[in-house]
Amino acid sequence: MFIKSNSKKSSKIFTILAFIGLLFILTGTVTAYIANEEGLASRLGGFGAGMGCSLIFVSTISLIINGRKSEQQLKKEQNQIDERFIRIREKASFGSFFVSIFSMLVAIITFLCLNNMPACFITIVLLFIHIISYSLFIFRYNKIL
């Protein structure tokens, strides 16, 4: 139910939905009051009031989420442009690469000590795939940049 277009248009739509929900509540309450008996009219009044409450609830939550999204998207775009954050992400990915390499080496040594050759072989293959993909990505990005 969340509308992903621009925030001004979606806020207008959800404000209109909230007013429609208010109209549902009012007409449902009036219908139930006028019916004043246990018939179809009072049940429809209760249904209208419930639908109105749910429309108001969904509209309010959507307006809050859309308001927060725009602030978060603005901060995210600023962080992606900022060179300091780019360098931090690069260093973090470089560090995590070496942590994964060393953890695979520890796993290989552990499997060799336990004499579990299939698991050792699988880990060696994964280690080589990891190193080769790292080298290919460096080669590719050096050509692009």
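These numbers come from the heavy atoms of this one structure, side chains and all, not from hydrogens, waters or symmetry mates. As the structure is a computational prediction, the values presented were derived from the model and not from experiment.
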Checklist entry - With sequence neighbours excluded, what pairs up with Leu127 under the side chain to side chain contact (heavy atoms under 4.5 Å, CB included) test? => result Ile101, Met104, Leu105, Ile108, Ile131

Item to check | Connected hydrophobic set around Phe139, excluding itself, where side chains approach under 4.5 Å | outcome: none

Item to check | Pairs where residues 101-128 contributes a residue and the test side chain to side chain donor-acceptor pair (under 3.5 Å) is met, not counting sequence neighbours | outcome: none

Checklist entry - What residues join Met51 in its hydrophobic cluster, counting side-chain heavy atom gaps under 4.5 Å, either direct or through other members? => result Phe47

Item to check | Nearest-0.5 Å distance that lies between atom CG in Leu22 and atom CG in Leu26 | outcome: 4.5 Å

Next on the checklist: Let me confirm one number: the CG-CD1 distance from Leu55 to Ile16, rounded to the nearest 0.5 Å.
Outcome noted: 12.5 Å

Item to check | ring-ring contact (aromatic ring centres under 6.0 Å, His included) contacts touching residues 91-120 (sequence neighbours left out) | outcome: Phe94-Phe98, Phe97-His130, Phe97-Tyr134

Checklist entry - If you link I, L, V, M, F, W and Y whenever their side-chain heavy atoms are under 4.5 Å apart, who else ends up in the same group as Ile132? => result Leu136

Checklist entry - Going from OG1 on Thr29 to CZ on Phe24, what distance comes out if it is rounded to the nearest 0.5 angstrom? => result 12.5 Å

Item to check | Where Ile56 and Ala18 come nearest, the two heavy atoms and their spacing | outcome: CG1-O, 3.5 Å

Item to check | Approximate separation, where rounding is to 0.5 Å, of Ile109 CD1 and Leu114 CG | outcome: 12.0 Å

Checklist entry - Taking all non-hydrogen atoms of both residues, which atom of Ile25 and which atom of Ala49 are closest, and how far apart? => result CG1-O, 3.6 Å

Next on the checklist: Using the rule given for side chain to side chain contact (heavy atoms under 4.5 Å, CB included), can you reason through Phe128 versus Val125, listing the C-alpha separation, both sets of side-chain angles and the distance that settles it, and then say yes or no?
Outcome noted: CA-CA 5 Å; Phe128 283 123; Val125 169; 6.0 Å; no

Item to check | Distance, nearest 0.5 Å, that separates OG1 of Thr27 from CD1 of Ile20 | outcome: 11.5 Å

